[in-house]
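Because the structure is a prediction, the values reported are computed rather than measured. Residue numbers start from 1 in every chain, and the chains themselves are labelled A, B, ... in the order their sequence lines are given, proteins ahead of strands.
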There are 2 protein chains.
Amino acid sequence: MRATYRALCEHGYAELTMRAIAEEYGKTAAAIHYHYETKDELLVAFLEYLLDQFAEDVREVGTDDPAERLGALLDRLLVERADDYDFMVALLEMRAQAPYEDAIRAQFVHNDEYVRSLVSETIADAMAQGVFADDLDPERATRALMTIVDGARTRFVVYGRQEAMFVAREMAAAYVSGVLEA
Amino acid sequence: MRATYRALCEHGYAELTMRAIAEEYGKTAAAIHYHYETKDELLVAFLEYLLDQFAEDVREVGTDDPAERLGALLDRLLVERADDYDFMVALLEMRAQAPYEDAIRAQFVHNDEYVRSLVSETIADAMAQGVFADDLDPERATRALMTIVDGARTRFVVYGRQEAMFVAREMAAAYVSGVLEA
DNA sequence: CCTACCGATCGGTAGG
DNA sequence: CCTACCGATCGGTAGG
């Protein structure tokens with residue numbers, strides 16, 4: 001998985017070969033086929049590995065106070081990823097395969113549902129405590145926030161500007177205080 | 001260019017071959033090399049063709065009233081693209097190459113600067129008219145709106161859900177009325 | 001712009 | 001998990 005990650009970062013998905021992965025692995029290409037029957041199977045396993053790191057990252061936010069917790073979640077999703085350009089590149093490379101590989105799209109859908117449930121429940125908690133407006137649709141607000149997150153990641157990778165993540169964090173904060181707390 | 005577009009939509013960037021493009025073109029692969037020396041050169045020309053369609057789309061927004069014009073721009077960037085899944089897929093496929101091809105990244109940067117200038121000037125006009133708050137940073141507000149736009153496009157393609165575009169349009173509207181007009 | 005073809009490289013496998 | 005190798009396909013070109 002780590003060898004696949006390094007090979008993907010170096011070559012990009014379009015130029016990713018079993019031989020390049022094997023080189024990072026320090027073994028031959030045949031050795032990889034011993035563990036994974038096909039290239040497709042390897043890449044599906046790799047995406048699971050990649051997305052698990054995302055899920056772990058947001059799952060371990062331990063704050064209880066809902067408003068504070070929402071801020072911590074947004075920090076995890078935006079600020080703490082601003083240092084890892086390679087990771088964001090790897091993510092976009094895999095995302096671009098979703099329209100052509102159902103198994104890959106399904107993994108992204110599943111991961112997105114998980115992250116959204118964490119955010120959505122936090123917003124619902126804040127509403128219950130009266131910190132947020134009482135006429136919100138938590139799922140809709142969550143989708144709005146995830147749109148910011150995915151926009152920042154895309155812009156970070158395409159334009160190579162880390163700043164995109166901080167602009168997004170500010171914007172998310174403005175949305176929370178300007179719309180959710182209204 | 002049209003043949004390249006069709007071949008890209010059908011196969012994705014990673015599986016895009018000169019032969020597949022030639023088949024859509026209705027000629028042989030050698031015929032393409034008569035017009036473009038290399039595959040890279042063809043794809044750079046193709047991206048210019050693709051991004052020109054975007055630029056044309058937003059350039060022709062003719063409304064004068066700044067607040068109305070900003071709404072029209074956002075409609076062009078979000079709502080009117082909600083019917084063209086293939087176009088958004090083609091865009092993401094090319095975007096994923098930006099980290100590995102400087103020429104491609106440069107084209108995206110240039111296009112983004114152009115679109116942002118249109119939005120930014122409209123926001124500045126609205127401020128001058130007193131419709132928007134007088135302490136805004138138009139460029140910063142524009143980056144925020146573009147983050148929503150790019151997030152929606154990415155989510156539309158990755159999750160295959162057109163709804164992402166409409167959620168983003170609502171969110172952009174909430175940002176305009178909740179932050180810019182505040 | 002086609003026919004015919006090139007060397008290089010691809011994903012994958014047999015046999016050990 | 002390696003050596004050795006397979007058929008298929010890649011981007012690109014010579015000659016017309």
> Mapping Thr28(A) and Glu37(B) onto DNA chain D by nearest heavy atom, which one lands closer to the 5' end?
Replying inline: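 It is Thr28(A), whose closest nucleotide lies nearer the 5' terminus.
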> Is the ring centre of Phe87(A) less than 6.0 Å from the ring centre of Phe54(A)?
Replying inline: yes
>> Tell me if the aromatic rings of Phe108(B) and Tyr159(A) count as close, with their centers under 6.0 Å from one another.
In response: no
Quick one: label [X] by what it contacts on the DNA or RNA (base, sugar-phosphate, nothing), any heavy atom closer than 4.0 Å.
X	answer
Leu16(B)	sugar-phosphate
Tyr25(B)	sugar-phosphate
Ala31(B)	sugar-phosphate

> Using a distance-only test with no angle check, is there a side-chain donor-acceptor pair under 3.5 angstrom linking Arg116(B) and Thr142(B)?
Replying inline: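 No, no side-chain donor-acceptor pair sits under 3.5 Å.
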For the backbone of [Y] and the side chain of [X], can you confirm whether one donor and one acceptor N or O come within less than 3.5 Å of each other?
X	Y	result
Glu181(A)	Phe132(A)	no
Arg76(A)	Asp57(A)	yes
His110(A)	Ala106(A)	no
Glu93(B)	Tyr13(B)	yes

> Which pairs with one or both residues in residues 37-51 of chain B pass side chain to side chain donor-acceptor pair (under 3.5 Å), sequence neighbours excluded?
Replying inline: Tyr49(B)-Gln53(B)
> Once Watson-Crick and G-U wobble pairs under 3.5 Å are found, how is DNA chain D written in dot-bracket notation, 5' to 3', with | for any base paired to another strand?
Replying inline: ||||||||||||||||
> Hey, where on DNA chain D does chain B first and last touch, going 5' to 3'? Cut-off is any atom under 4.0 Å from a heavy atom.
Replying inline: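 Contacts span dC10(D) to dT13(D), reading 5' to 3'.
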